[in-house]
Amino acid sequence: MRTAKLEDIKELKLLIYETIDACYPGAYSYEAIDYFKEYHNTKNILNDILNGYSLILTCGRDMIGTGTLLGSNARRVFVKPAYQNKGLGKRIMHGLEEKAVENGVRIMDLDASFVAYSFYRALGYETQAEDLIPVKNEQNLRYYKMVKKLEDK
Ligand SMILES: CC(C)(COP(=O)(O)OP(=O)(O)OC[C@H]1O[C@@H](n2cnc3c(N)ncnc32)[C@H](O)[C@@H]1OP(=O)(O)O)[C@@H](O)C(=O)NCCC(=O)NCCS
């Protein structure tokens, strides 16, 4: 696992889009999927790499997972479909939580997609609220605001 560099943005975006395309249909409408993709645009990824702590997991030369900490917020956690359910998402989250503790964060927060909700529950995150974002064609995108109290080192 290593921190992301500016040169990683193009491959990172491909990893995120591939994962969204594989995991979100069925759970989200076409309009919501579009919204997610727009949210993970080059500008936002760049901003998080510059201002946050972005991790990348590699397997050989392949980028297979990522996650970012910005302040107390965990975001952009994705594991390539072929590598899911092997404990990698958990490793990324632990990396972000470790950094958060180092930075003095006591309560970590995140917005969980419908798809990732059970994953975050398994990691000890609690639901604070359920919310809807209006997207195109009068569709809504459902997500969960979740928090976890971090243990001191
Ligand atoms: C959500 C995601 C990051 C999880 O990564 P992963 O590598 O597959 O997860 P892990 O193998 O590390 O799983 C960790 C724990 O969560 C549980 N878990 C993971 N996905 C789960 C699911 N869909 N339902 C129930 N439990 C799940 C695992 O069983 C495991 O529990 P354990 O520690 O008790 O064994 C990954 O599936 C993904 O990228 N999904 C699509 C993108 C996404 O929704 N990202 C989050 C944006 S908010």
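Everything numeric here is computed off the predicted structure, so don't read it as measured data. Just so you know, ligand 1 is whichever comes first in the structure, and atom 1 is the first atom listed for that ligand.
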Any Ser54 side-chain heavy atom under 4.5 Å of Thr3 side chain
no
Geometric N/O contact Ala112 with ligand 1, under 3.5 angstrom: no
If you scan protein heavy atoms around atom 42 (C) of ligand 1, the nearest is Phe78 CD2, 3.3 Å
Side-chain touch Val105/Leu69, heavy atoms, less than 4.5 angstrom = no
Contacts satisfying ring pair (Phe, Tyr, Trp, His ring centres under 6.0 Å) that involve residues 65-105 (not counting sequence neighbours) are His40-Phe78
Exercise for the section: Indicate if Tyr39 and Tyr30 have the same hydrophobic cluster label, given that clusters are the connected sets of ILVMFWY residues with side-chain heavy-atom separations under 4.5 angstrom. Expected result: no
Numbered in order shown, the ligand 1 atoms found under 4.0 Å of a heavy atom of Thr19 are 39 (O), 41 (C), 42 (C)
Near Asp111 (heavy-atom distance under 4.0 Å), the atoms of ligand 1 are 48 (S)
If you scan protein heavy atoms around atom 46 (C) of ligand 1, the nearest is Val77 O, 3.1 Å
Worksheet entry | Contact check, side chains of Val77 and Leu110, non-hydrogen atoms, under 4.5 Å | no
| field | Tyr28 (side chain) donor-acceptor with Val115 (main chain) under 3.5 angstrom | value | no
Looking only at protein heavy atoms, what sits closest to atom 17 (C) of ligand 1 is Ala122 CB, 3.9 Å
> Under 4.0 Å from atom 37 (O) of ligand 1, do we find at least one protein heavy atom?
Replying inline: yes
Ligand 1 atoms nearer than 4.0 angstrom to some heavy atom of Lys86 are 11 (O)
Within the 4.0 Å heavy-atom cut-off, what Ile20 brings close to ligand 1 is neither
key: Side-chain touch Thr66/Asp8, heavy atoms, less than 4.5 angstrom   = no
If you scan the protein for heavy atoms around atom 34 (O) of ligand 1, do you find one that is closer than 4.0 Å?
no
closest protein heavy atom to atom 39 (O) of ligand 1 is Val79 N, 2.8 Å
the protein heavy atom lying closest to atom 40 (N) of ligand 1 turns out to be Gln84 NE2, 3.6 Å
In ligand 1, the atoms that come under 4.0 Å of a heavy atom of Gly87 are 10 (P), 11 (O), 12 (O)
| said: Counting only nitrogen or oxygen atoms and a 3.5 angstrom limit, does Gly89 reach ligand 1? | reply: yes
heavy-atom search around atom 26 (N) of ligand 1 in the protein gives Ser118 CB, 3.8 Å
* To do: State, with a plain yes or no, whether a side-chain heavy atom of Met93 is found less than 4.5 Å away from one of Phe119.
  => yes
Less than 3.5 Å between some nitrogen or oxygen of Arg91 and one of ligand 1, yes or no? no
Restricting to heavy atoms, the pick from Phe119, Phe36, Tyr144, Tyr24 nearest atom 47 (C) of ligand 1 would be Tyr24
Original post:
Do Met63 and Lys80 come close enough that some side-chain heavy atom pair is under 4.5 Å?
Top reply: no
* To do: Please work out whether the ring planes of Phe36 and Tyr24 are parallel, tilted or perpendicular, with thresholds of 30° and 60°.
  => perpendicular
heavy-atom search around atom 23 (N) of ligand 1 in the protein gives Val115 O, 4.0 Å
Discussion item. Within the structure provided, determine whether Asn41 and Asn44 are in side-chain contact (heavy-atom separation under 4.5 Å).
Written reply: yes
OH of Tyr117 to CZ of Arg142, rounded to nearest 0.5 Å, is 11.5 Å
_In the complex you have, is atom 30 (C) of ligand 1 within reach of the protein, judged by whether a heavy-atom distance drops under 4.0 Å?_
no
Does an N or O anywhere in Tyr120 fall below 3.5 Å from an N or O of ligand 1? no
for atom 12 (O) of ligand 1, nearest protein heavy atom and its distance come out as Lys90 N, 2.8 Å
**Prompt:** Do Leu6 and Leu50 come close enough that some side-chain heavy atom pair is under 4.5 Å?
**Reply:** yes
